[in-house]
Amino acid sequence: MRALELKGICKSFGTIVANDSVDLVVEKGSIHALIGENGAGKTTAMNIAAGLLQADRGEIWVQGVHKSPFRQPLDALLCGIGMVHQHFMLAGAMTAFENIVLGSGFMPFSKKKKKEELLALAKKFGILVDLDMPVECMSVGEQQRVEILKVLSRKVSLLICDEPTAVLTPQEVERFFDQLRLLKIQGTSVILITHKLHEVMRVADQVSVFRQGRVVAHSKVSDTNAEALAFAMLGSRVAPVQVIRRPRSADKVLELKNCELKPGAHVSFDVHAGEIVGIAGVEGNGQLELFEALMTTSSLKRSIVVDDRLVSGVIPAWSVWENFILGNQDTFFPHGVADKQKMRQSCMQALQEYGVKPLDCDARFGTLSGGNQQKVVIARALYQQPRCLIAAQPTRGVDLGAVALIHQKLLAARDAGCGIVLISSELEEIMSLSDRIFVLFRGAFVGIFTPDTYDEALLGRCMGGTH
Amino acid sequence: MLVFAQKIMGALCLMLHAWADGPLHVGVVLDKGGKDDRSFNAAACVGMLRAKNELGADVKIVEAIDDNAFEHLLRSFTQRSYDLIISVGVAQTSAMKKMAQKFPEKHFMIVDGEIKAPNVRSVLFQEQEGSFLVGAIAAMTSQSNKIGFLGGMDIPIIRRFEMGYRCGARFVRPKIQVLTHFVGVTADAWNNPPKAKEIALTQYQMGADVIFGAAGASGAGIFDAAEHVKKFAIGVDSNQNWVKPGRILTSMEKRVDEVVFAAIKDAQKGHFQAGVFHLGLAQKGVGYSLDTYNQALITPTIKKEIDTLSKAIIAGTLKVPDFYVGDSCGP
Amino acid sequence: MIKTVFALFFGICSALLVTLVAGESPFHIAWVLTHSAFGSRYDFGMTLFYASPLIFTGLAVAIPFRAGLFNIGAEGQLTMGALAAALVGAFWDVPFGIGCLAAAVAGGLWALPPAILRAYGRGHEVIHTIMMNFIAAGVASWLTLSFFRNPETQNPETMPVVHRFLFQPIAFFHEAPVTWLWLLGPCVALLCAFVCLSTRWGFELSVLGQSERVAHAAGIALKRRRIEALVVGGMLAGLVGVGEVYGNAGCFVLGFSPGLGFMGIAVALLGKKHPLGIIASALVFGALHKGTSDLDFETDRMTRDMSCVLQAAIILSLAAEDILYSKILRRFIT
């Protein structure tokens, strides 16, 4: 029995072809992974399946029945298809409960009953969530759980998750996979859009590979491996990033003394020119506070690659080149007047160098895929060849090819003498790039590591506070 | 065809003649505050409507949207061949002066303003004389020895009212206290009854038992306050005794309606008189109102005293201090 | 832009339909409005005359709005600007430019307290700027009547400025008070356009208006820019004084403004924050203002208050322009 079948789905945005006759079959009760580079079309295809977009051509079949094209998410929900998005669609000021019932035709006088229903549902799938907490006070992982519960409460039989583990800590990832397995047992089908091949190997039953708008490969997970999948995704091999350790210089570019991140917990550290300092840790242990503290030391000439870029780094409604000059005003406004030619030229150059698709300075920034957006943000930060760079989650939501590029650029900056603070929840990334690692736990540094002492298990224990 | 053309021409001539020979065409441009202020502008309208009904004049009443529109409206009247064009309020002085110069064959009239021109009739009222009388009435009626004055804005003409009022009160009761306040500092002070009510209530609370309001349409608020605390108020410009019967002690009438009507009547007879006219008690331009609504409140004693004062002012033996010429009557 | 024009059209039509209730013909009213605004050289001159201060107040609202600030204090700022222009022109023997500068500085200073409060505290500039309007009216009234009153007239106004400060009306417009000073408005608007679109300052203001966090991350000095934006707004409103005092009345007349500061909000809304759009928008509102001033004359039942109805209808339509566009206009186009 097929939970979902897409036949010949086509979708274009102006001249850009996002889906070029996509054929996809998802078996009932399976966990089906969709992988592919950013811009390959997987999110678009799933948005069509979930009713957010309408295909130009093609058919959607749900549980063996041909459905007329979904005009709005409600139509898909009525067919039992629900989606948890990469960028959460939650109203920050409202509580979890309010967000879950929003738009579901909920009547106020049945509040108590509804709450009990939701708590039961949450328990069934092993989801821990505080229904009365305002969403903006929650951690990202908790917010995601609210999103999942929101979709589950609409009684879906097919759950689509877009890059769900991008925002989770290692423990939360495990919990999430357990929830998926529970769902599977209960008969719900799951589609997982992800770029993390090792996770695909761990939890998925089936995998389909998207490239340039079509499904180019399909396989049972048991029949394949990460390398083969990567090859199918990119059409070529990805060269691993070569990291050469250098002795660091004596120049300090940044110094933080006795900064209080959490009550009673202080940190101090310094960054030298030409080194990458990695801050490892499970999200919620003071990374945000550290980031804020670093951001306010404006006496230094530093550049920032910000965390949740949609909140604090870019203006999606503006064009790419306008976002590119943000933060670089000194260079682009000589004597206070705009040098428009220089702006566009530099922007174009950066787009080319970083392989941003589409190669259009005037495109609305918000229409770029997540990975491409991040490329622009990094290009912008590195443009001024800063002495110090603070990179928080630089490769979150970014596809494989782009990750490699970004790592390359960071290393190049380091080699050119830049001191980099790398805050990341991807332990692999930290280990591969950093010259020193500080582990952050409950607002204090509980471990300092140098390359010869890097050990995943050891670091993991430090992050969990059990060392 | 020719006959047809002749008929058309004939009709046109008749129409023109009708316009020319027929009723007098009178236009009036009101002061800021609009025709519904129940006092100043309203009085002018009363005069106009009376002329329409009794004299059969063709009247047109317009309000200006702002200071700069005065000239334009006056000009429009002249261009449409109105015979008599009236401006109400001192703010239009410079605009009318200009138009009078430009159109010497037209007749103009201005109320409260002074223009010396052969085709302009300026009518100014001796507000201080009327205010003097109502001040005396207020002082004699007051039992707390405290009375109040609430003006619209602190501008010269309102100061004139206030000074007359204060002097009149002091004249009959030298120790009396007069509280003076103004509704506001912007044009909307002339049409802000709620605020006027608040200030009046405060004055009543401070001990005043009679308040003389000179604040245009805001006066309605003062009357509300008087009713609320069961004390007295005095109306202005028109006879406002009827608004809250029993609570309005009297009204300081400024007979704008009379002068407007008289001017139209004269113009219709062809006796338009230019010049500057100061109308006070003697010419019955100002006065205090006495009718069925306040008869019981004005005791014979008060009436006798007021009559004496009135005669003295008219005879010239009693000079009422005038703010315009820089007089004063003490603090 | 087509959305905005359609919304404007829709607003005007709605207001005209209201006149049906009063028993008038909307077509007649529309004719009166157009004829009164553009029918003769004098009429057109008056339209321009009304539009000129609206360019300044429109800019005074639009520029701070680019930085996300609401300047509702243009009325008080222009009052102080006009008063300053009048006093400098009457009592000080200085070049004409100083008079203009005084007007701008007075307006700017008037916007400074709310600006500082907003930048450093939690006060909302809407409340503070409105309060400053009242204080301005009071201060202007007190200064005019107690110290600087013109003794030759009972009208509450200041002493006249010296003759060389005065500009004469251009004969072309048949005595409408349009002088060459009128050009100051469009020139300042063009200058503002340049500053907003091509300078670092203008860019940083726009970023601030989009998102405070992004601005902070981009290294923009939030407090400073906010203060500067409001003060510049105040200065622009203050410049209204130049046209009013040196190009029209020759002195400061208490209450001369028919709500120019508030009309500036409507002008800024229609002009879409863009300085050149402001010029066009000011002309539209100037025409409407002039047009409605004749309604009393040409009709039996309509009065000048129609101006407020029109303005309100336009503002509401502009606020709803997205819905109007998608629900109504698009159906006709596609």
Side-chain angles (χ1 to χ4, degrees), chain A residues 92 136 288 291-319 321-343 364-366 373 377 380-381 383-384 386 388-392, chain C residues 1 3-4 63 65-69 119-120 122 188 190-229 231-232 235 272-276 321-323 325-327 330-331 334:
Chain A
E136 63 197 357
L288 278 178
F291 180 69
E292 289 289 329
L294 290 170
M295 223 165 85
T296 54
T297 53
S298 53
S299 53
L300 296 158
K301 216 173 180 284
R302 86 287 181 265
S303 270
I304 286 182
V305 174
V306 293
D307 187 359
D308 191 351
R309 60 181 169 272
L310 286 181
V311 166
S312 57
V314 299
I315 299 172
W318 284 9
S319 66
W321 71 266
E322 283 170 322
N323 277 286
F324 185 71
I325 62 182
L326 266 179
N328 289 326
Q329 288 96 282
D330 285 333
T331 338
F332 291 116
F333 289 97
H335 311 301
V337 181
D339 184 348
K340 296 237 167 100
Q341 210 188 14
K342 188 169 175 189
M343 286 176 189
R364 223 175 122 256
F365 194 85
Q373 286 184 2
V377 171
R380 169 177 90 186
Y383 178 77
Q384 298 228 44
C388 175
L389 174 70
I390 301 162
Chain C
M1 194 181 90
K3 269 198 269 186
T4 314
I63 305 290
F65 192 50
R66 284 181 85 94
L69 299 167
Y120 283 93
R122 295 170 159 274
V188 169
L190 286 170
L191 181 64
C192 284
F194 173 72
V195 167
C196 284
L197 301 172
S198 300
T199 64
R200 179 173 177 167
W201 189 82
F203 177 71
E204 295 193 347
L205 240 60
S206 305
V207 177
L208 185 52
Q210 285 287 327
S211 159
E212 180 175 337
R213 279 217 68 171
V214 176
H216 183 47
I220 295 175
L222 300 178
K223 292 191 174 64
R224 238 181 74 180
R225 291 286 174 254
R226 286 204 166 110
I227 295 179
E228 286 167 0
V231 169
V232 166
M235 287 172 73
K272 289 266 165 283
K273 297 199 267 176
H274 193 293
L276 294 180
E321 71 172 18
D322 286 320
I323 302 180
Y325 177 70
S326 59
K327 293 271 184 260
R330 260 221 308 237
R331 300 260 163 94
T334 52

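All chains are named by letter (A, B, ...) in the order of the sequence lines, taking the proteins before the strands, and each is independently numbered beginning at 1.
- In C:F65, the CZ atom is not crowded: 12 or fewer heavy atoms of neighbouring residues, nucleotides or ligands sit closer than 6.0 Å.
- Atom CG of C:L222 has more than 12 heavy atoms from other residues, nucleotides or ligands within 6.0 Å.
- In this structure, A:W318 and C:S206 approach most closely via the heavy-atom pair CH2-CB, 3.6 Å.
- Between A:V337 and C:F194, the shortest heavy-atom distance links the atoms CG1-CZ, 4.0 Å.
- Heavy-atom distances place the side chain of C:E204, and not its backbone, under 4.5 Å from chain A.
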